[in-house]
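All heavy atoms count here, side chains included; hydrogens, waters and symmetry mates do not.
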Amino acid sequence: MSGETPDHPRPAPVDRFMGLPISRLMRRRLDNFQANRRGYWSWWIFIVLFFLTLPAEFIANDKPLLIRYDGSFYMPVLIAYPETTFGGDFETEGDYRDPFIQDLIWEKGWMVWPLVRYSYQTINYNLPVPAPAPPSEENWLGTDDQGRDVVARLLYGFRISILFGLILTFFSSITGIVAGAVQGYFGGWIDLVFQRIIEVWSGLPTLFLLIILASLVEPTFWRLLGLLLLFSWVSLVGVVRAEVLRARSLDFVRAARALGVSELQIIRRHVLPNAMVSTFTFLPFILTGSVTALTSLDFLGLGLPPGSPSLGELLNQGKQNLQAPWLGFTTFTVLAVLLSLLVFIGEAVRDAFDARKTG
């Protein structure tokens, strides 16, 4: 029995993704994305790496994850405890790498350390050779020229690079989409004036201006983000403007305007959704450019504050310490893998939104 009668036809099958109903168009795009095997697997590798580095404090830290002392539990990785809590002499936070503090804890309990017993700023004072030290059982990828563990700095630097790139991509995309939508929809003098401004702005020597601005203000994460946002938003304006110019003359937009729908609602409901298709294909490449820009400024010493975990700063140390090839090779490999993954993901996204591909 099929359960289908003339009065009760069988309902059409519903496409689902991760248990959620999706449209047939979205299903086709997902199929096209998965068909690009290189981009599809790059996406999963990137997601795994990103979510592994998000809890970097629980993977690489100079504080134990959990301490059992005198019948009580403590989590130094989250809460700062004075040294006197574990039988020490000072009210300041204890140095858990100090053998004296470790002996006090082991006398009345135990502790669980992270996989890497160094944070990004922890200095190994017990190196058998002058820093930068080569890879060893204690420091798997060696240390930098200040005795800091390379694995820990790579973990924290990878996280900062991705988060910085994602935030910069988000804000620059919103700014570029709004500017492009206003230009393309209203046209006329608004479009003409905006185009001249963008032509002048995009023709400025971005790197030299960033160097000048970074030297005038003390670099922090958010200040550096604001400086790069000044120049990165123009990358999407041209694409959005062209799509909006095409969409504003379509019949359903004219019909909405004739029915008295406000201009803002027409742009938000009818024009921008059609312009987003080509826009999404650019986002992975904008993210790649954001990560590269931060790495370049850090390499030049104009990026994040000194001491911050940074891939560019590690790359600069590799250039300055040619006798320590593990610094340059390791950082170059991480950057090459990261940027390659983002480019492959961008190619898969481009295939997913390609109307000529039927899946």
Taking atom [atom1] of [X] and atom [atom2] of [Y], what is their separation to the nearest 0.5 Å?
| X | Y | atom1 | atom2 | value |
| --- | --- | --- | --- | --- |
| D89 | T84 | CG | OG1 | 9.5 Å |
| L294 | F164 | CG | CZ | 5.0 Å |
| L283 | S173 | CG | OG | 4.5 Å |
| I190 | Y185 | CD1 | OH | 11.5 Å |
| R196 | D191 | CZ | CG | 8.5 Å |
| I286 | L236 | CD1 | CG | 3.5 Å |

Within the 3.5 Å criterion, strictly below it, is a donor on D351 or N32 matched to an acceptor on the partner's side chain?
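Absent: no donor and acceptor within the cut-off.
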Pair N124, N139: side-chain N/O donor-acceptor within cut-off below 3.5 Å
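Their side chains do contain a donor-acceptor pair, which is all the 3.5 Å distance test asks for.
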Could you go step by step and tell me if L287 and I345 meet the side-chain contact (heavy atoms from CB on, under 4.5 Å) rule?
CA-CA 11 Å; L287 176 58; I345 293 171; over 6 Å; no
Looking only at heavy atoms, which two atoms of [X] and [Y] are closest? And how far apart?
| X | Y | answer |
| --- | --- | --- |
| T143 | P132 | O-CB, 3.3 Å |
| G346 | P284 | CA-CB, 3.5 Å |
| I59 | L52 | CD1-O, 2.9 Å |
| P76 | I67 | CG-CD1, 3.5 Å |
| G87 | Y69 | N-OH, 3.9 Å |
| G39 | N36 | N-OD1, 3.0 Å |

Taking side chain as C-beta onward, heavy atoms only, is [X] less than 4.5 Å from [Y]?
| X | Y | result |
| --- | --- | --- |
| M111 | Q102 | yes |
| F299 | K319 | yes |
| W140 | V150 | no |
| S310 | I160 | no |
| S161 | V291 | yes |
| L127 | E138 | no |
| S290 | L228 | no |
| I45 | W43 | no |

Please say whether the positively charged group of R97, taken as NZ for Lys or CZ for Arg, lies over the ring of Y118, i.e. under 6.0 angstrom from the six-membered ring centre and within 45 degrees of the axis.
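Relative to the ring axis of Y118, which defines the angle, R97 lies inside both limits.
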Cationic tip of R38 within the cone over F344's six-membered ring, i.e. under 6.0 Å and within 45° of the normal?
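Judged by the rule (NZ or CZ under 6.0 Å from the ring centre, within 45° of its axis), R38 counts as positioned above F344.
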For the backbone of [Y] and the side chain of [X], can you confirm whether one donor and one acceptor N or O come within less than 3.5 Å of each other?
| X | Y | value |
| --- | --- | --- |
| T85 | Y81 | no |
| D144 | R148 | yes |
| S308 | L304 | no |
| N321 | Q323 | no |
| E313 | G301 | no |
| T220 | R223 | yes |
| T175 | S172 | no |
| S340 | V337 | no |

State plainly whether one hydrophobic cluster holds both [X] and [Y], where clusters connect Ile, Leu, Val, Met, Phe, Trp and Tyr through side-chain heavy atoms under 4.5 angstrom apart.
| X | Y | answer |
| --- | --- | --- |
| L141 | V129 | no |
| I174 | L264 | no |
| V48 | V343 | no |
| L224 | F170 | yes |
| V112 | V77 | yes |

Set of salt bridge (charged side-chain N to carboxylate O under 4.0 Å, His left out) partners for D98, sequence neighbours left out
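If we apply the salt bridge (charged side-chain N to carboxylate O under 4.0 Å, His left out) test to D98, skipping adjacent residues, there are no hits.
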Apply the test salt bridge (Lys or Arg N to Asp or Glu O under 4.0 Å) to residues K63 and E93: give CA-CA distance (whole Å), side-chain angles for both, the deciding distance (0.1 Å), then the verdict.
CA-CA 11 Å; K63 301 175 183 178; E93 185 177 8; 3.0 Å; yes
Check the pair F86, Y74 against side-chain contact (heavy atoms from CB on, under 4.5 Å), reporting the backbone distance first and the verdict last.
CA-CA 10 Å; F86 308 107; Y74 303 90; 3.7 Å; yes
Verdict with reasoning, N316 to D298, per side-chain contact (heavy atoms from CB on, under 4.5 Å):
CA-CA 8 Å; N316 185 39; D298 287 334; over 6 Å; no
How would you list, by chain and number, every residue that makes a side-chain contact (heavy atoms from CB on, under 4.5 Å) with [X], sequence neighbours excluded?
| X | answer |
| --- | --- |
| F73 | L66, R68, W110 |
| P114 | N61, L65 |
| T53 | F50, L155, F158, R159 |
| Y40 | F33, Q34, R37, W44 |

Between W113 and Y96, does the ring centroid distance fall short of 6.0 Å?
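Between Y96 and W113, which both carry aromatic rings, the centre distance is not below 6.0 Å.
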Could you list the donor-acceptor pairs under 3.5 angstrom formed between side-chain atoms of residues 327-334 and any protein atom two or more places apart in sequence or on another chain?
residue	atom	partner	partner atom	Å
T330	OG1	W326	O	2.6
T331	OG1	L327	O	2.8
T333	OG1	F329	O	2.7

For F285, is the CZ atom crowded, meaning more than 12 foreign heavy atoms sit under 6.0 Å from it?
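Yes - once you tally the heavy atoms of other residues, nucleotides and ligands closer than 6.0 Å, there are more than 12.
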Do you know which of L245, V244, V239 makes side-chain contact (heavy atoms from CB on, under 4.5 Å) with R241?
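Going through the options one by one, the only one that passes is L245.
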Would you call the rings of W201 and F231 parallel, tilted or perpendicular, where under 30° means parallel and over 60° means perpendicular?
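Correct class here is parallel.
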Can E243 and R246 be counted as an ion pair, charged N to O under 4.0 angstrom?
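Between R246 and E243 there is a salt bridge, with a charged N closer than 4.0 Å to a carboxylate O.
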Sidechain N-carboxylate O distance under 4.0 Å for D149, R153:
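The answer is no: the pair does not qualify as a salt bridge.
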Per the salt bridge (Lys or Arg N to Asp or Glu O under 4.0 Å) rule, which among R28, R27, R29 passes with D31?
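That would be R27; it is the only one of R28, R27, R29 passing the salt bridge (Lys or Arg N to Asp or Glu O under 4.0 Å) with D31.
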